[in-house]
Amino acid sequence: MKQKNAWLKYDESQTKEIFSFNEGYKNFISDCKTERECVYEIIKQAEKEGYTNLVSIIKEKRKLKPGDKVYYNNMDKAIALFLIGEKPLEEGLKILGAHIDSPRIDIKQNPLYEDTDMTLLDTHYYGGIKKYQWVTLPLALHGVVVKKDGTKLNIVIGEDENDPVIGITDLLIHLAGAQMEKKAAKVIEGEDLNVLIGSMPIDVDDKDAVKANIINILKDKYNIEEQDFISAELEVVPAGKARDYGIDRSMVMGYGQDDRVCAYTSMKALFELDKTDRTCACILVDKEEIGSVGASGMHSKFFENAVAEIMDLLGDYSELKLRRTLQNSHMLSSDVSAAFDPNYPAVMEKKNSAYFGKGMVFNKYTGSRGKYNSNDANPEYIAKLRKIMEDNDISFQTAELGKVDEGGGGTIAYIMANYNMEVVDSGVAVLNMHAPWEITSKVDVYETMKGYVAFLKEI
Ligand code: MN
Ligand code: MN
């Protein structure tokens, strides 16, 4: 099965539109490097589109009606958006789901120490990373510090061009003889991902005078005490903005495109609709990279609770109706797929790989070693999607995550499938997945957004 490159479908003015859509996307991933930053920005954009906070509707005991737009914030780390449809909820939802957490390096709870007149932060990495990729890069610190009185300080250090950056050092090549003999997984060890943040002492008679200086700066500039690290969530991420990639500017290089590329396109697709037959939902969750666990992950009851609340506000709640609603739903579980990399053809099977420029990717299954742990989507459902994509001239491709028995991955699809709904994995192909700087194709980003719109309108 041969497929045309999606760029070739578009004339000059449409190509401009693709580039302009990607400008918005680049801004999103440049500004939103933590799940919280994503939630804040999504709320900002949703309110502009006429979405209101579900919590205030519940409080004011207002009712919902078709055409209403609401969002439900889960602890500032996950969010669900709903566009209420004309038909009873029981007929099922049309759901777009993606995750807004990305691999990174988290600061430990007791992180600060001094060694040989340098101050460092001890870390524990989050998600699957090749640790050697994260050294010698300009890194930034993002996150929250919560004071004992509940005050929340939002921290971003390293993004403004006048900000300092921080980072993790690596051994000079001259002394790396033994290191270079090690296996890649051991070249940089997890416990050695220590972030260098200072080297200037203050004039005190203290063996930790450099650390004391940092503590003073944290106190004066950010109102943070050393004890406050206990109740903080600080994430070390690559510093700097997303950029155009390639001399033809056809690609985007940026941090956290897994899976903010699907989150952004899902959100934008939902914003394209002002009315719908069946209710549309967009759920953007945390913790996918570590197993979708915790209150803000997909395994949490949050989404189910949100649907129950909405049903109640429509004056039509019952446990049975809630179950029917979820069972009758259709979902695109949207996550990135591995793009074919001509530098590493050995891990891919060419007929069943995702390629840049070939549009939205559908993965019938992800999983590994005999489809293990994978949501294997029904062909009946895929047939419907195929027709919708073709009718709307959406470029799409099907893919597996690498050769059989080469590796594999997971998404949130199988969790939603537990409600007995139709779910398939879909999304955007990415190069450098889980590296500090990931790459996507602009036309794929655009095509995927269009595909989501077609799904919401026609499934
Ligand atoms: Mn992902
Ligand atoms: Mn991932």
Side-chain angles (χ1 to χ4, degrees), residues 25 28-29 32-35 37-39 42 77-79 95-106 125-131 133-134 235-238 242 252-267 282-294 296-300 331-339 341 347 353-354 360-368 373-375 377 399-402 406-417 423-441 444-445 448-449 452:
Y25 168 56
F28 181 77
I29 56 170
C32 305
K33 294 190 178 178
T34 67
E35 49 288 345
E37 288 166 356
C38 287
V39 167
I42 291 161
K77 295 164 82 169
I79 189 166
I95 307 169
L96 296 174
H99 68 92
I100 49 178
D101 62 315
S102 295
R104 60 183 189 244
I105 296 169
D106 284 348
Y125 66 96
Y126 173 98
I129 61 169
K130 288 175 156 179
K131 299 173 198 86
Q133 292 177 334
W134 291 73
E235 307 178 8
V236 177
V237 298
V252 172
M253 175 173 256
Y255 165 67
Q257 301 203 63
D258 173 7
D259 182 35
R260 293 176 189 136
V261 66
C262 294
Y264 183 79
T265 45
S266 293
M267 167 183 82
C282 175
I283 171 146
L284 305 170
V285 291
D286 181 27
K287 298 283 182 278
E288 192 276 341
E289 296 294 357
I290 58 167
S292 296
V293 291
S296 52
M298 194 69 250
H299 278 297
S300 141
M331 179 180 190
L332 292 183
S333 162
S334 296
D335 207 339
V336 293
S337 208
D341 186 339
V347 297
S353 296
M360 184 172 172
V361 185
F362 286 95
N363 297 93
K364 186 176 185 298
Y365 43 87
T366 54
S368 53
N373 264 347
S374 143
N375 166 64
E400 296 193 16
L401 196 62
E406 195 65 53
T411 65
I412 59 173
Y414 75 98
I415 307 162
M416 293 296 270
V423 188
V424 66
D425 279 297
S426 67
V428 178
V430 170
L431 281 174
N432 289 359
M433 197 194 292
H434 283 207
W437 299 101
E438 299 173 319
I439 309 167
T440 51
S441 152
D444 294 339
V445 175
T448 302
M449 182 274 293
Y452 293 158

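Only this structure's heavy atoms are used, side chains among them; waters, hydrogens and symmetry mates stay out. Read the numbers this way: they start at 1 and go in the same order the structure lists the ligands and their atoms.
- For residue C262, no N/O/S atom approaches the Mn ion (ligand 1) to within less than 2.8 Å.
- Within 6.0 Å of OH in Y125 there are 12 or fewer heavy atoms belonging to other residues, nucleotides or ligands.
- In terms of distance to the Mn ion (ligand 1), the nearest N, O or S atom of D258 is named OD1.
- Under the 3.5 Å distance criterion, the side-chain polar atoms of E288 are left unmatched by any main-chain donor or acceptor of H99.
- The Mn ion (ligand 2) does not have E288 among its coordinating residues (no N/O/S atom, backbone or side chain, under 2.8 Å).
- For residue H99, no N/O/S atom approaches the Mn ion (ligand 2) to within less than 2.8 Å.
- Atom OD1 is the N, O or S atom of D335 at the shortest distance from the Mn ion (ligand 1).
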(request) Check the pair V424 / L332 against side chain to side chain contact (heavy atoms under 4.5 Å, CB included), numbers first and verdict last. (result) CA-CA 5 Å; V424 66; L332 292 183; 3.6 Å; yes
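- Side chains of E289 and H434: a donor-acceptor N/O pair is present below 3.5 angstrom, by distance only.
- Nearest N/O/S atom of E289 with respect to the Mn ion (ligand 2) is recorded as OE2.
- In this structure, Y255 and W134 have perpendicular ring planes: the angle between them is above 60°, well past the 30° mark.
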